[in-house]
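Just so it is clear, the structure is predicted and the values come from calculations on it, not from any experiment. Hydrogens, waters and symmetry mates are skipped; everything else that's a heavy atom, side chains included, is used. Chain A is the first sequence line, chain B the second, and so forth, proteins listed ahead of strands; every chain is numbered from 1.
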Amino acid sequence: MGRTDPPSATSQLLELYRAMRLVREAEERLGALFADGEIPGFIHLSIGQEAVSVGVAAALQQHDTLASNHRGHGHAIAKGLDLDRFFLEILGKRDGYCRGRGGSMHVADMTVGMLGANGIVGAGLPIAVGSALAHKLRRTGHIAVVFFGDGAMAEGVLHESLNLAQLWTLPVLFVCENNGWSEFTEAARQLATDPQRMAAAYSMRALQVDGNDVVAVAAAARMAVAQIRAGEGPCLLECKTRRVRGHYEGDAQKYRDAGDIATALRNDPLVRCEVQAIAAGAPQETIDAIKAEIADRVDAAVATARSGAPPAPVDAFADVYSPTHELPS
Amino acid sequence: MGRTDPPSATSQLLELYRAMRLVREAEERLGALFADGEIPGFIHLSIGQEAVSVGVAAALQQHDTLASNHRGHGHAIAKGLDLDRFFLEILGKRDGYCRGRGGSMHVADMTVGMLGANGIVGAGLPIAVGSALAHKLRRTGHIAVVFFGDGAMAEGVLHESLNLAQLWTLPVLFVCENNGWSEFTEAARQLATDPQRMAAAYSMRALQVDGNDVVAVAAAARMAVAQIRAGEGPCLLECKTRRVRGHYEGDAQKYRDAGDIATALRNDPLVRCEVQAIAAGAPQETIDAIKAEIADRVDAAVATARSGAPPAPVDAFADVYSPTHELPS
Amino acid sequence: MSEVRFGQAINRALIDAMTADPSVILLGEDVARPGGPFGVTRGLLDKFGPERVRDTPISEAAITGAAVGAAMTGLRPIVEIMFMDFVTLTMDALVNQAAKARFMFGGQSSVPMVVRMPHGGGINAGPQHSQCLEAWLAHVPGLKVVCPATVADAYSLTRAAIVDDDPVIVIEHKALYAAKGELADSPTATPIGRARIAREGRDATIVTYGAMVSVALAAAVELAQDGVEADVIDLRSLQPWDEATVLASLTRTHRLIICHEAVEAFGIGAEIAARMADVGFDELDAPIVRVGAPFMPPPFAKTLEDWYRPDAAKIVAAVKKTMS
Amino acid sequence: MSEVRFGQAINRALIDAMTADPSVILLGEDVARPGGPFGVTRGLLDKFGPERVRDTPISEAAITGAAVGAAMTGLRPIVEIMFMDFVTLTMDALVNQAAKARFMFGGQSSVPMVVRMPHGGGINAGPQHSQCLEAWLAHVPGLKVVCPATVADAYSLTRAAIVDDDPVIVIEHKALYAAKGELADSPTATPIGRARIAREGRDATIVTYGAMVSVALAAAVELAQDGVEADVIDLRSLQPWDEATVLASLTRTHRLIICHEAVEAFGIGAEIAARMADVGFDELDAPIVRVGAPFMPPPFAKTLEDWYRPDAAKIVAAVKKTMS
Ligand SMILES: Cc1ncc(C[n+]2csc(CCOP(=O)(O)OP(=O)(O)O)c2C)c(N)n1
Ligand SMILES: Cc1ncc(C[n+]2csc(CCOP(=O)(O)OP(=O)(O)O)c2C)c(N)n1
Ligand SMILES: [Mg+2]
Ligand SMILES: [Mg+2]
């Protein structure tokens, strides 16, 4: 088998930057669309946390499966979802991923193993555990990943899921996106524990990483994934980050002092990655070109989404159950 | 205030022995009654684990509250329930604690803070946490205790309850009765963790004690309870013991090898306590007198229970809701 | 008398209840410092302090279970579940513990707790944030379930729930929080289990509750233009529900339509229809028609959700069906 | 054809399904080495090995949630919940995840999972081990719910549930496990959603399911002695339920009685009655009468439980009420 040159550190950095830029651009556009009343319901942005989804996704393969949560745009885009269908869904259109039935909190794409965002805090945890069980039994060679917040740490299924995964040596990566907040309350006021100590309780391998450093996240994720894929059982990866926006768009964040937001803003993972890339020799024009290219991609997706047709009730009603099929004898 | 001599070690031992003897005698009688078809439903005996309930109860006051589980006879009796009403209930009689509506898995006595046995594994945990919250807010000076098995460790509410109790510094004692089995499966095959490591995850104080040594259990419980009562927050007390009988009466225990049962039998907490008492100078006659006295008490309770009237459906139906009362204006 | 919002009326009920009885406490996610996800508990932390007004972790099972233990130990806890969809996580505490304790322990202990939870759609919150699952709870002996439709009832049913010695579920329609209405200066509690005649008519009986009451009233106005006068009954309480009032109305109108936002099949309306098809059979001049959501999860997109939720037109059509 | 027990028929269905399809796996407390709390999964561990037959921790929420993820990733998991009373702990996975996934993700993924659970009383298991909560699940769009009454259906409905691409709840009455009946040598699956006429009659229709089918048949025998011939319909499937068969029977008999062990109020019978009071209204010659448990938790003592559970005498009385 021939060998190509390993991609240079610079090109790797640029790939990560490009991926983060895509998440950022998409979410900023979502924020604007929401403010303009073009998005029904509510949306939770992961702005400032892109290094987590992108860094972890960099360690994954297409058919690795992923269970996400309410703040799942980054997970979805990083996992490789089609941008048009992503925006179509969030705008509630017929050709969206969920045919307009789910919206932001339910984006899914089975073709790339994205098992869905989830409106129930903690619910993705056992889903990922079960998906990992399927990978193991079906010997797919794939793994399952779940993203959950620090607030989700308090749910009972966290414990049940960590225990089950460790007990059965399942190929699952638990990614705790520790952004300091659980809605309008500091997660620290909700937890007498933390991800590292919880993992330790099950003798589960665990890593902690600066979640705003995409290179560090990618490196940690690659290490964890390699071990998981090698059959060594689950791992918990804690990514320390900060929520930049409100819990959902429209949240005035009166409960939060300005300093907290300012700190979060100062530590922008995209800026950090950009600085690193330039330091590694990437020309500013390349960065600018990426920005422009991605802005165009998002423009195009938004335009497609805006002009999308609304879904028809009759189709939705017909899709509650699978089409009936022949019974075996 | 006058001071009486502290009870001698011997008389303390004899008190503990007497309490264990009562649990043992009552449960042996229950086993016989069940075998004879006099008890409806199913019953779970704690034979061989009496040192746990009795040792812990020795550290409690009457108005401390207690949430129990399916294997709760010992907890109930040690907490001071009336033996007649206890047997009346388990035989399904009108004058039983639950008026015959609950049976073995639901024995409760609010006058001594016994909040009920429970048929749902793990369900007692948040109930005790809430009871502790009430003690704290009402400044009763009392504490709450919950008994749960090693199998219950896998339930999600365990995590939620430990977290909440520690977070809110609640006066609650978590007693894990670690008897090695969860129904027909070794608890070790169900858990990737253990009580000590779980407690550590929340920085909760924890103790581990030989659960077949009633003196050790009582000492550990007294220490834990003193700290809890002093406002230092929850504590987890793990009592290592072994299940002697089947999961429920009538369980042939085919899944279990004889050695395991033999080991459990050899380590009988009553025998150990009796030996200790005699070594401490208690006369054999005293022990024999206790045995006889308790056998008589249980005989009397069984006789009362047997002759009890069955409950009437109309009374049960009338008791689903509280009697209606005046609304405030 | 003053005009207040539905959410404010609940807020006032909580304040009055907590002022009247120091054993009343509040538990829930974001209920204390943030003042509640829908602002219903605003100001309570300042008024009653952090011991009695508590932000909890995202641990629905444990906080509901803790309310059971607290209620058995002398408090009257009020738990807020942020969306009714999350009641799935509290079912054991509600059904196997709270609902059964009194009965199961031979009447030794009642469990005076309240669980508040918003249900329903209308804000495109999608499949996991819009459900109406009250039929589950109404099926559980030992629970009471109320669902206010007006500002006055938002106050009075909340007060009644808190003072009740049994566990009471208070279901609030999230689209109603901002609705305005009159609240008396010294409002009182209202007995649980009594329906309210929201409009009197002689031709057909429309039984409904919660946010659908105003929709049914709008339908009644439309029907009146065609000369059809509908009785509109606001159930207020779903368990127990006011069979006598419904039957009395049916005895006058001989036609029954039941409307709710929940999925029609196996919903609250099924029980009302079934009872009336038994005890009210001789009064019925026409089929009993229900108006509820079709058998699918609540969808997200506006076109879908609008189609999914019952509206005045569907109620009008249902009433006319019984007249034809 | 051979005589086997109800539990054995399920065991055989599991074996046949697991033999036919390697993606079928089994999860549950004590289902592997111990062979199941009621012995239903005996021998499966030896036959299919520890990868596919798994004893789980007491983590009902996680194992049900895991089944959802496994089903979305190519397996067909069967979960056993030891008593239906514990379904309270699995409601989120069932209702917010399994039931909605297909719809909510735009039809991208189905969730072919089965959850087996015993319900019902008769063994003095008390308030937390005897409940019949199937009405909750029937109210949830996206779930299917079946409840076999016979040995043949224990096999064929289990097979049908496993091969179904949607989540199916199989409710087994625990008092039936030891019941004997005939099983074909090469039994087949049966379509979900079709009722069975257990006995033909012309005077009244008794609709029932599960363990109450034999009770209803006993009542029918008694009624026949008085010259009343009852149609007894075994629903077999509760969601979807066979409205056409019930309506066809009603069209012949003009009288409807519905019987189940669950609490009458807001139970399965409510929906059947409500539908028939609508689409079957013109066929009804008498009130629709339901026979179910009174509105209280299942009690423990024999005198209480016997009174609590519907029996043939109550069904006979109900039928006679519709004839008077
Ligand atoms: C079971 C459940 N409880 C509560 C909520 C409401 N809720 C949505 S997000 C959230 C906070 C989650 O915090 P965290 O897990 O840290 O995620 P983050 O929002 O910080 O990304 C809450 C309480 C929910 N959706 N589901
Ligand atoms: C929620 C729930 N799941 C399962 C059961 C069935 N069950 C009753 S006891 C038991 C084992 C409990 O083991 P453990 O907690 O160690 O207590 P032990 O029986 O050893 O005293 C199980 C699985 C139950 N009663 N409740
Ligand atoms: Mg967070
Ligand atoms: Mg045990």
Side-chain angles (χ1 to χ4, degrees), chain A residues 39-42 70 89-94 96 98-106 117-123 149-158 182-187 189-193 247-248 251 253-256 308-321, chain C residues 28-39 41-42 45 50 54-65 81-83 85-90 92-93 121-131 174 263 265 293-309:
Chain A
I39 295 180
F42 38 94
H70 59 287
E89 183 55 36
I90 296 179
L91 268 64
K93 301 303 175 72
R94 185 194 61 196
C98 311
R99 300 180 188 267
R101 299 170 205 156
S104 162
M105 267 190 295
H106 304 289
N118 209 311
I120 306 297
V121 167
D150 39 350
M153 294 276 310
E155 287 283 10
V157 278
L158 175 97
S182 171
E183 288 214 345
F184 319 126
T185 303
E186 299 93 321
R189 286 210 301 127
Q190 305 190 346
L191 290 175
T193 181
H247 170 61
Y248 41 51
D251 172 5
Q253 303 203 69
K254 289 192 193 141
Y255 51 87
R256 197 172 173 189
V314 50
D315 295 336
F317 188 67
D319 228 4
V320 177
Y321 294 97
Chain C
E29 293 156 20
D30 294 329
V31 299
R33 275 204 223 165
F38 297 95
T41 53
R42 208 167 281 155
L45 174 63
R54 293 183 167 252
D55 286 322
T56 69
I58 318 182
S59 305
E60 288 83 1
I63 61 180
T64 312
I81 297 297
M82 202 182 283
F83 286 79
D85 310 71
F86 315 154
V87 79
T88 50
L89 298 164
T90 68
D92 196 75
I123 59 169
N124 304 106
Q128 293 174 337
H129 285 72
S130 308
Q131 291 166 89
K174 60 177 87 73
V263 159
F295 204 62
M296 68 186 234
F300 161 66
K302 214 177 148 357
T303 46
L304 300 181
E305 198 188 41
D306 288 348
W307 173 84
Y308 180 78
R309 299 179 73 214

Given 3.5 Å as the limit, does a donor-acceptor pair link the side chain of Glu60(C) with the main chain of Val87(C), or not?
no
Checking [X] against chain A: side chain, backbone, both or neither under 4.5 Å from a heavy atom?
X	value
Glu29(C)	neither
Asp55(C)	side chain
Ser130(C)	neither
Ala125(C)	both

Would you call the rings of His247(A) and Phe184(A) parallel, tilted or perpendicular if under 30° counts as parallel and over 60° as perpendicular?
perpendicular
d(Thr64(C) OG1, Asp92(C) CG) to nearest 0.5 Å is 10.5 Å
Partner chain A: residue of [options] with the largest heavy-atom pair count (under 4.5 Å):
options	result
Pro127(C), Gly35(C), Pro299(C)	Pro127(C)
Ile58(C), Thr303(C), Ile123(C)	Ile58(C)
Thr88(C), Asp30(C), Leu89(C)	Asp30(C)
Pro297(C), Pro37(C), Ala301(C), Pro57(C)	Pro57(C)

Proximity breakdown for [X] and chain C, heavy-atom pairs closer than 4.5 Å:
X	result
Phe317(A)	both
Ala312(A)	backbone
Arg189(A)	side chain
Ile90(A)	backbone
Ala152(A)	backbone

With Arg256(A), which residues qualify under side-chain hydrogen bond (donor to acceptor under 3.5 Å, both in side chains), at least two apart?
Gln253(A), Asp260(A)
Do Asp85(C) and Gln131(C) pass the side chain to side chain donor-acceptor pair (under 3.5 Å) test, and can you show the C-alpha distance, the side-chain angles, and the key distance before you say yes or no?
CA-CA 6 Å; Asp85(C) 310 71; Gln131(C) 291 166 89; 2.8 Å; yes
Ranking Gly103(A), Gly92(A), Pro311(A) by heavy-atom pairs under 4.5 Å to chain C gives rank one to Pro311(A)
Identify the two heavy atoms, one from Val157(A) and one from Gly122(A), that lie closest to each other, and give their separation to 0.1 Å.
CG2-O, 3.4 Å
Partners meeting ring pair (Phe, Tyr, Trp, His ring centres under 6.0 Å) with Phe83(C) (sequence neighbours left out):
Phe38(C), Phe86(C), His129(C)
Is any side-chain heavy atom of Arg33(C) closer than 4.5 Å to one of Glu186(A)?
yes
With a 4.0 Å cut-off on N to O distance, would you call Asp319(A) and Arg101(A) a salt bridge?
yes
